[in-house]
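Lettering of chains follows the sequences in order, A, B, ..., and the numbering in each one begins at 1.
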2 protein chains.
Amino acid sequence: MCTFYKNNDKFLVAVDCIIFGFHKGELTLLLIKRDFNPCLGEWSLMGGFLNQSESINQAAERVLAELTGLDSIYMDQIGVFGDINRDPADRVLSVAYYALINMDEFDKRLLAKHNATWFSIDKMPPLIFDHEHMVKEALRQLRRKASVEPIGFNLLPEKFTLPHLQALYEAIYGSELDKRNFRKKVQSIHFLEKSEEKDKNTSRRGAFLYTFNMASYERLKEEGFTFAL
Amino acid sequence: MCTFYKNNDKFLVAVDCIIFGFHKGELTLLLIKRDFNPCLGEWSLMGGFLNQSESINQAAERVLAELTGLDSIYMDQIGVFGDINRDPADRVLSVAYYALINMDEFDKRLLAKHNATWFSIDKMPPLIFDHEHMVKEALRQLRRKASVEPIGFNLLPEKFTLPHLQALYEAIYGSELDKRNFRKKVQSIHFLEKSEEKDKNTSRRGAFLYTFNMASYERLKEEGFTFAL
DNA sequence: ACAAAAGTGTTATACTTACACCCATGT
DNA sequence: ACATGGGTGTAAGTATAACACTTTTGT
């Protein structure tokens, strides 16, 4: 192996996941109540250490799968957190990622096993280390990116209604949207496909179900279309 | 020291700096021709290894200062690059930062000592490892952020003219802007202060010099003003 | 028949874009 | 006097924001 870098310090590197969901009109976040040290009994993000055998992205996917049982999930790196004493137990760098998952699909037994619970983003308990800072940053980046790329759909089931979609964007932005203006914008988004089916869970009348057609979004993007909601 | 993390792998962590400047209407980038291994003789970003004694941000500042002699410079983290074989010599994670500097102020002797040269961003030589990917990502983030926060001014001298400022934004966005529309927007930015002095270097008539008043920008931001150019 | 959520258009306003001429000055 | 870049306003088009009633259907 290489000799050039022999004299440089080496570091523990962790990966922490901000796992977002969407439930009953609220943006939610998956946290674990630690049944291990350090900070036993406190709330934190799900994390894990990077191994030599994997890339950082792979580590993030592994950590997410350990807790939820899910793979092929939309994830984005937020950044590295590297203050000297961010973890008082030892010097650890942490790479934070956020993940967007459909809350109908995670593995409930794994969640129980890890002592994990969903929290509404505005009813979070205090978190260890700099995890609250990570969450804040994740939210900022999610808000920005969701406004300009169709990533919000990862938080919804495959079929969703327009009231459902609007509630999602209201939760992400933390502000109310005008129904008619919202739907007008949606009309101009040609990769949302209306089906004949209705969802009757939230009203007697029922609302039409739509699907997001990724392939046709990619095609439109090539042609210079830019998403905005 | 801590016992909890004993069995986890440790990693070399580098910091690489994308150092942007602005000169004669072009966005420029500071690269070094490596007089050391690995990849001796090839072009790369300026980098260095993270030490136990410093935070990652401090390491980035140190690396920037080593090459330019400058401190208190605007820097932003782009992210961590952690593919297993990104550096063929050994497993090294790299945290990339971009810096915006005023090209009148760097230390020329340090640049010579490190074999560093400025390149226009569209006349870059091939770079080692994933450095081109880092540069691409830095540009993306710079473009986005410059459009919505007044960070571009870090690339200019303290006093600058409006034609100068317009040329900067044209260089950042890579597209031409309409002079009158640009100046109209600038009129509405109340933290740009016009002085009575003129810069006569680029025309007989001379153009008025302006300064960016950071304090009054911060005040306006508090009041809900959002920058856009 | 009524409650409760789904669905539908129009108008006013603000923002964006396109565009052409005069000004000041050094040589 | 002229060449060179600095400086100025208006009108058309586009995007955004505000707003209220009808429809469907299960109970």
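- Nearest to the side-chain atoms of B/Arg204 among the listed nucleotides C/dA5, D/dG7, C/dT25 stands C/dT25.
- Distances shown here put every side-chain N or O of B/Lys184 at or beyond 4.0 Å from the OP1 or OP2 atom of D/dG9.
- Mapping A/Lys185 and A/Lys198 onto DNA chain D by nearest heavy atom places A/Lys185 at the nucleotide closer to the 5' end.
- Heavy-atom distances to DNA chain D give each of B/Ala207 and A/Asn181 a nearest nucleotide, and the one nearer the 5′ end belongs to B/Ala207.
- Rounded to an integer number of Å, the gap from CZ of A/Arg180 to P of C/dA5 is 18 Å.
- For B/Asp122 and B/Ser120, the side-chain atoms include at least one donor-acceptor pair closer than 3.5 Å.
- Following rounding to the nearest Å, A/Phe208 (CZ) and C/dG7 (P) show an atom-to-atom distance of 7 Å.
- Residue-to-nucleotide contacts include no donor-acceptor pair under 3.5 Å from the side chain of B/Arg205 to the base of C/dA24.
- Residue A/Glu137 forms a side chain to side chain contact (heavy atoms under 4.5 Å, CB included) with just one option from A/Ile18, A/Ile78, A/Leu142, and that option is A/Ile78.
- OP1 or OP2 of C/dG7 sits under 4.0 Å from a side-chain N or O of A/Arg183.
- When rounded to the nearest whole Å, the span between CG of B/Asp178 and C1' of D/dA11 equals 14 Å.
- Put simply, CG on B/Leu162 is 6 Å from P on D/dG7, counting in whole angstrom units.
- A straight line from CG of A/Asp199 to P of D/dT25 spans 14 Å, rounded to a whole angstrom.
- Computed from coordinates, the B/Phe182 CZ to C/dC15 C1' distance equals 17 Å when rounded to whole Å.
- The residues A/Lys145 and A/Asp76 are annotated as salt-bridged, a charged nitrogen and a carboxylate oxygen being separated by less than 4.0 angstrom.
- In this structure, the nucleotide among D/dA18, D/dG7, C/dA6 sitting nearest to the side chain of A/Ser203 is C/dA6.
- Per the geometry, CG belonging to A/Leu165 stands 15 Å off C1' belonging to C/dG7, to the nearest Å.
- Here the nucleotide nearest the side chain of B/Lys179, chosen from C/dC19, D/dG6, C/dA6, is D/dG6.
- We find that CD of A/Glu197 is positioned 17 Å from C1' of C/dA6, with the value rounded to whole Å.
- The phosphate of D/dG26 has OP1 or OP2 within less than 4.0 Å of a side-chain N or O from A/Lys200.
- Using a 4.0 Å cut-off between a side-chain N of Lys or Arg and a carboxylate O of Asp or Glu, A/Glu132 and A/Lys136 do not qualify as a salt bridge.
- Here A/Glu42 does not pair with A/Lys33 in a salt bridge; the nearest charged N to carboxylate O distance is not below 4.0 Å.
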